[in-house]
Amino acid sequence: MRQLASILLLAFVVGSVSAFYSPSDGVVELTPSNFDREVLKDDAIWVVEFYAPWCGHCQSLVPEYKKLAKALKGVVKVGSVNADADSTLSGQFGVRGFPTIKIFGANKKSPTDYNGQRTAKAIAEAALAEVKKKVQGVLGGGGGSSSGGSGSSSGDDVIELTEDNFDKLVLNSDDIWLVEFFAPWCGHCKNLAPEWAKAAKELKGKVKLGALDATAHQSKAAEYNVRGYPTIKFFPAGSKRASDAQEYDGGRTASDIVSWASDKHVANVPAPELIEIYNESTFETACEGKPLCVVSVLPHILDCDAKCRNKFLDTLRTLGEKFKQKQWGWAWAEGGQQLALEESLEVGGFGYPAMAVVNFKKMKFSVLKGSFSKDGINEFLRDISYGRGHTAPVRGAKKPAIVSVDPWDGKDGQLPTEEDIDLSDIDLDKDEL
């Protein structure tokens with residue numbers, strides 16, 4: 001008799017615990033017999049909880065899940081699967097622990113795992129993000145920007161990333177990227193949002209900043225092992241793979257982000273080409289569109305042989321590498337070949353080598369007064385970069401005329417050969433001798 005009473009008591013306890021949700025809660029009870037009809041063949045977005053009655057975390061979720069169902073009524077459907085009663089569905093969808101929450105969006109065959117906070121608000125935001133994604137897909141895309149978590153202050157400089165465009169925009173591009181993986185409910189993400197937007201604006205043209213809602217695109221977040229929010233990943237320049245992603249380890253202010261990203265940008269910027277000016281085209285290539293153009297006039301090849309000239313050129317290339325982040329143009333010409341250029345910049349008259357840094361947009365220039373050496377030029381260019389130093393207007397307030405000459409062949413100069421004169425062919429009178 002006692003044994004029968006124990007069995008009945010156990011059945012009552014199990015039955016009461018397993019009845020997590022009633023029809024009045026708005027949570028649809030899903031089973032293998034109705035799942036396809038209710039969820040997979042339905043156009044609605046579904047949030048589905050896989051639970052076990054004995055699971056303590058599942059029991060703790062019940063009040064929040066009921067609140068979720070009421071909040072999303074008429075917008076997103078909410079269901080539950082008692083995986084302890086029948087493991088068919090949990091096995092089909094790879095459920096390995098309880099509770100597991102999956103969002104069945106546009107692609108019902110590939111639901112996304114919800115890994116955020118277990119509150120009605122957080123789950124609702126993830127579900128609504130899936131609704132937005134579905135609507136955008138029907139309308140042919142949507143939105144070019146996203147804030148780093150708050151959705152309010154990004155402007156057009158922060159690029160919204162999704163599972164559909166991530167690989168194309170980030171991995172298949174040659175650009176440098178910083179990508180923030182955020183959650184809409186995350187307070188730190190919301191605090192980062194205005195800083196992220198400001199940094200994106202300052203870094204425009206150098207480093208691209210993107211943001212991906214990890215709660216709406218959980219498979220992409222999982223691919224990059226995102227375990228907390230916000231998580232920021234760095235993707236280097238050039239074609240890349242997911243394994244090339246690196247952790248961002250800088251600060252979270254706009255200035256910190258800009259400084260960190262700028263260092264990465266400089267490391268990937270190629271050294272500027274040192275171009276010889278021997279016609280109008282080379283002059284334009286070297287200086288057109290550059291904020292400043294560093295113009296050197298080197299001694300004639302007969303006064304400074306190939307070894308001597310290459311030493312000067314090596315010095316200029318070394319300094320070009322050092323100042324490459326300035327994106328200046330670098331050019332040189334042989335002394336005496338481009339006289340109009342020398343006259344407009346007031347160089348050459350006191351000897352070679354000589355150097356001037358010119359801003360052709362403002363038609364102003366500054367001349368190197370110190371030694372034409374690595375240290376002397378470095379000090380001169382450092383002052384220029386800080387806005388120091390004397391400037392003068394370019395003569396004539398226009399670009400000088402460039403004449404076409406033969407480019408240097410990289411060899412030592414050769415004196416012109418003198419033609420021998422045969423005096424026997426000349427008939428001279430003795431008086432003329």
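What's counted below: heavy atoms across the whole structure, side chains too, no hydrogens, waters or symmetry copies.
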Can you check whether [X] reaches [Y] side chain to side chain, under 4.5 Å on heavy atoms?
| X | Y | answer |
| --- | --- | --- |
| V62 | Y21 | yes |
| V95 | K102 | yes |
| T100 | F93 | no |
| K206 | I176 | no |
| F182 | D213 | yes |
| N82 | Y51 | yes |
| Y224 | L212 | no |
| E180 | C189 | yes |

ring-ring contact (aromatic ring centres under 6.0 Å, His included) between Y352 and F312: does it pass, once the steps are laid out? CA-CA 11 Å; Y352 306 109; F312 284 131; over 10 Å; no

To the nearest 0.5 angstrom, please state how far the [atom1] atom of [X] sits from the [atom2] atom of [Y].
| X | Y | atom1 | atom2 | value |
| --- | --- | --- | --- | --- |
| E276 | L298 | CD | CG | 9.0 Å |
| I159 | L161 | CD1 | CG | 7.0 Å |
| Q92 | F35 | CD | CZ | 7.0 Å |
| Q117 | C186 | CD | SG | 8.5 Å |
| I377 | F372 | CD1 | CZ | 4.0 Å |
| I45 | K108 | CD1 | NZ | 6.5 Å |

Considering residues, nucleotides and ligands other than [X], do more than 12 of their heavy atoms fall under 6.0 Å from its [atom1]?
| X | atom1 | value |
| --- | --- | --- |
| D409 | CG | yes |
| R96 | CZ | no |
| R382 | CZ | yes |
| E280 | CD | yes |

Nearest non-hydrogen partners of [X] and [Y], listed with the distance:
| X | Y | result |
| --- | --- | --- |
| L381 | W328 | O-CH2, 3.8 Å |
| V297 | G335 | CG1-CA, 3.5 Å |
| G79 | Y65 | O-OH, 2.6 Å |
| V295 | C287 | CG2-SG, 4.5 Å |
| A197 | V158 | CA-CG2, 3.8 Å |
| P291 | K326 | CG-O, 3.6 Å |

Show the numbers, then the answer: is there a side-chain contact (heavy atoms from CB on, under 4.5 Å) between E321 and R317? CA-CA 6 Å; E321 170 70 29; R317 291 189 183 98; over 6 Å; no

Test your reading of the model: is there a side-chain donor-acceptor pair from [X] to the backbone of [Y], 3.5 Å cut-off?
| X | Y | result |
| --- | --- | --- |
| S366 | H390 | yes |
| N359 | L292 | no |
| T119 | A122 | yes |
| E195 | T253 | no |

Scan for salt bridge (charged side-chain N to carboxylate O under 4.0 Å, His left out) pairs involving [range], sequence neighbours excluded, and state none if there are none.
| range | value |
| --- | --- |
| residues 57-75 | D25-K66, E64-K67 |
| residues 38-50 | D42-K77 |
| residues 240-259 | K233-E247 |

Can W330 and L319 be said to form a side-chain contact (heavy atoms from CB on, under 4.5 Å), step by step? CA-CA 10 Å; W330 290 72; L319 290 164; 3.9 Å; yes

Could you walk me through whether F235 and S173 pass the side-chain contact (heavy atoms from CB on, under 4.5 Å) test, one step at a time? CA-CA 10 Å; F235 295 83; S173 78; over 6 Å; no

Does K264 qualify as a cation-pi partner of F234, given the criterion of NZ or CZ under 6.0 Å from the six-membered ring centre and within 45 degrees of its axis? yes

Is it true that [X] and [Y] have a side-chain N and a carboxylate O under 4.0 angstrom from each other?
| X | Y | result |
| --- | --- | --- |
| D314 | K311 | no |
| K220 | D167 | yes |
| D157 | K201 | no |

Between Y229 and W185 (judged by ring centroids, cut-off 6.0 Å), do the two rings come close enough to count as a pair?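 Yes - the distance between ring centres of Y229 and W185 falls below the 6.0 Å cut-off.
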
Does any donor atom in the side chain of S219 or E163 lie under 3.5 Å from an acceptor atom in the other side chain?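 Per modelled atom types, S219 and E163 side chains form a pair under 3.5 Å.
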
Evaluate side-chain contact (heavy atoms from CB on, under 4.5 Å) for F323 paired with N378, printing each intermediate quantity in order. CA-CA 9 Å; F323 288 92; N378 179 69; 3.5 Å; yes

